[in-house]
Protein chains: 2
Amino acid sequence: MVHIAKGAHPAEGAPVPKGGPGRPRSEAVQQAIIEGVLRLVDEGVPLTELSIERIARTAGVGKATIYRRWDGREALFVDVLRAFEEPDQELPGVSMRDDLVCLLEGLRRRGLTMRSSALLHNVFAQMKALPKLWEAYHTTVIDPRRRLTLDVLRRGAANGELRTDVDLEMANDLLVGPMLLRTVMRPEAPLDDDLAERIVDTVLEGLRP
Amino acid sequence: MVHIAKGAHPAEGAPVPKGGPGRPRSEAVQQAIIEGVLRLVDEGVPLTELSIERIARTAGVGKATIYRRWDGREALFVDVLRAFEEPDQELPGVSMRDDLVCLLEGLRRRGLTMRSSALLHNVFAQMKALPKLWEAYHTTVIDPRRRLTLDVLRRGAANGELRTDVDLEMANDLLVGPMLLRTVMRPEAPLDDDLAERIVDTVLEGLRP
DNA sequence: CCAATACGAGACGGTCTCGTATCGAAATAG
DNA sequence: CTATTTCGATACGAGACCGTCTCGTATTGG
């Protein structure tokens with residue numbers, strides 16, 4: 001029996017059709033459901049107000065069609081999260097400074113599309129209520145990006161572009177923290193084009209005269 | 001019937017008793033309700049799942065008692081927010097560096113009590129759905145603290161403890177961002193005692209060798 | 001053609017919350 | 001004492017959503 005879990009991820013929780021006879025599940029329906037959830041989320045509807053019925057109405061889909069594919073709301077949300085994720089970023093790789101600017105610029109652009117931050121806020125708000133969703137966010141969004149940044153910093157330390165007496169985790173947070181503060185926690189803040197550059201250069205240089 | 005408001009805040013939304021005859025409202029009940037909401041919030045219950053009925057049950061109170069005092073959930077949440085807020089922080093005021101450490105240390109301690117970050121996450125998640133709550137959070141929590149930090153930085157710039165070619169808003173975010181990243185967005189991160197010091201000193205010094 | 005499955009739509013009984021109303025008891029002012 | 005208001009408790013009808021199930025139709029493999 002071949003389990004074609006949704007996306008490229010196996011064993012996602014809901015029973016899955018055998019290869020056998022019968023009408024196959026529509027990929028368009030799958031997309032319509034996920035897209036419907038995303039639309040509701042960035043209209044500002046909290047995840048807890050997303051009932052299965054409402055999702056079905058929004059997607060123009062029968063309730064049973066959703067229950068057929070997912071175990072419940074949380075499993076659906078996990079798939080929504082994955083569907084929304086973009087592939088990893090490419091880095092120029094010439095200098096640590098430029099790579100860092102590139103990484104922060106990625107965060108800035110992400111903050112400009114309200115979808116991702118609305119989604120993020122909801123994941124945060126429900127991190128206790130929906131632990132699997134929180135875990136999925138970590139493994140598919142946070143951790144890869146964090147690993148990438150730490151690699152850049154490690155190379156920088158090896159090249160002499162970075163103090164070697166500073167914890168890499170600390171350095172990462174000093175760079176990422178300010179950008180996330182503006183993109184995620186202060187929605188009214190302007191996100192100027194040169195913000196990534198300014199953060200990186202100022203953090204590298206320090207605030208002392 | 002005279003419409004006054006509850007707490008020390010005028011015009012809060014719900015009708016309020018005259019001074020006249022009749023049994024006065026119990027202050028203990030007010031506290032029990034607000035305390036009940038806080039308890040539910042830091043048990044991880046999202047604000048959208050806080051029904052009036054559930055709050056009443058938790059507080060051991062009749063529903064009518066809540067409807068008598070507040071217009072609805074949002075007005076109640078605003079009062080909960082205010083009740084939870086602590087008075088402003090005292091600063092030693094000897095050096096910019098020490099004042100900054102003190103401010104960040106306040107943020108760290110706040111992050112250690114899960115209440116405030118659970119509350120914060122919920123306010124974020126519902127910033128569109130409950131705009132008055134979002135506004136109240138700004139005016140009672142974010143803005144005062146921000147003003148305090150900017151004052152410290154301004155004095156530092158005047159004393160020569162800070163580069164004068166750096167935007168104060170930027171400097172503020174460079175310091176506050178990393179701490180909020182750890183306290184709010186990464187709940188599993190350890191919050192060591194010396195974290196505030198390390199952030200301040202590293203940001204002041206810069207990351208270059 | 002036939003068996004099997006998916007589809008949209010919605011009925012079904014159950015639970016939960018809504019906001020209002022009513023009750024008897026308690027507390028206060030005049 | 002009386003009038004008035006608050007207290008906890010609970011009843012009320014309205015309505016949303018739950019998860020399951022059943023329609024009639026559509027789409028596949030054999």
Side-chain angles (χ1 to χ4, degrees), chain A residues 1-6 12-37 40 45-77 79 126 129-130, chain B residues 1-7 13-37 40 45-77 79 126 129-130:
Chain A
M1 160 146 37
V2 181
H3 279 248
I4 314 173
K6 32 261 79 122
E12 255 332 299
V16 155
K18 319 173 43 167
R23 178 175 175 174
R25 291 189 182 165
S26 159
E27 188 58 35
V29 164
Q30 188 91 0
Q31 281 308 109
I33 295 169
I34 291 179
E35 188 55 37
V37 173
L40 288 170
V45 184
L47 287 190
T48 38
E49 283 179 17
L50 290 193
S51 59
I52 299 286
E53 297 213 351
R54 185 167 180 182
I55 294 170
R57 269 197 311 269
T58 304
V61 142
K63 288 176 16 172
T65 303
I66 296 182
Y67 283 111
R68 212 176 281 127
R69 294 164 189 248
W70 290 280
D71 273 358
R73 295 176 345 122
E74 186 164 12
L76 169 55
F77 294 157
D79 278 2
Q126 310 245 355
L130 307 176
Chain B
M1 160 118 59
V2 181
H3 282 240
I4 321 175
K6 50 229 136 273
V16 152
K18 319 174 40 168
R23 178 175 175 174
R25 291 190 182 164
S26 159
E27 188 57 36
V29 164
Q30 188 92 1
Q31 280 309 108
I33 295 170
I34 290 178
E35 188 56 37
V37 173
L40 288 169
V45 184
L47 287 189
T48 38
E49 283 180 16
L50 290 192
S51 58
I52 299 286
E53 299 211 353
R54 186 167 180 184
I55 294 170
R57 269 199 310 271
T58 304
V61 145
K63 287 180 6 175
T65 304
I66 296 182
Y67 283 111
R68 214 174 280 127
R69 293 163 190 247
W70 289 281
D71 272 358
R73 294 172 352 117
E74 186 165 10
L76 168 56
F77 294 157
D79 278 2
Q126 311 244 354
L130 306 176

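In what follows, every chain begins at residue 1, and chains take the letters A, B, ... in the order their sequences are listed. Owing to the predicted nature of the structure, the values given are computational and were not obtained by experimental measurement.
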Could you state the interatomic distance from [atom1] ([X]) to [atom2] ([Y]), rounded to the nearest 0.5 Å?
X	Y	atom1	atom2	value
Arg73(A)	Ile66(A)	CZ	CD1	11.5 Å
Arg25(A)	Gln30(A)	CZ	CD	8.0 Å
Ile33(A)	Ile55(A)	CD1	CD1	8.5 Å
Ser51(B)	Arg57(B)	OG	CZ	6.0 Å
Thr48(B)	Glu49(A)	OG1	CD	5.5 Å
Ile52(A)	Thr65(A)	CD1	OG1	11.5 Å

With Leu40(A), which residues qualify under side chain to side chain contact (heavy atoms under 4.5 Å, CB included), at least two apart?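 Applying side chain to side chain contact (heavy atoms under 4.5 Å, CB included) to Leu40(A) gives Glu43(A), Val45(A), Leu50(A), Arg54(A), Thr58(A).
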Please state how far atom [atom1] in [X] lies from atom [atom2] in [N], giving the value in whole angstrom units.
X	N	atom1	atom2	value
Arg25(A)	dG8(C)	CZ	C1'	16 Å
Ile66(B)	dA9(D)	CD1	C1'	13 Å
Glu27(A)	dT28(D)	CD	C1'	16 Å
Arg73(A)	dC17(D)	CZ	C1'	11 Å
Tyr67(A)	dA11(C)	OH	P	17 Å
Arg68(A)	dC21(D)	CZ	P	13 Å
Leu76(A)	dG19(D)	CG	C1'	15 Å

Which residues in residues 46-65 of chain A have at least one heavy atom lying under 4.0 Å from any atom of DNA chain C?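 Close to the strand are Gly60(A), Val61(A), Gly62(A), Thr65(A).
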Using a cut-off of under 3.5 Å, enumerate the N/O to N/O pairs linking the protein to nucleotides 28-30 of chain C.
residue: dT28(C); atom: O2; partner: Gly22(B); partner atom: N; Å: 3.3

Evaluate side chain to side chain contact (heavy atoms under 4.5 Å, CB included) for Arg69(B) paired with Leu76(B), printing each intermediate quantity in order. CA-CA 9 Å; Arg69(B) 293 163 190 247; Leu76(B) 168 56; over 6 Å; no
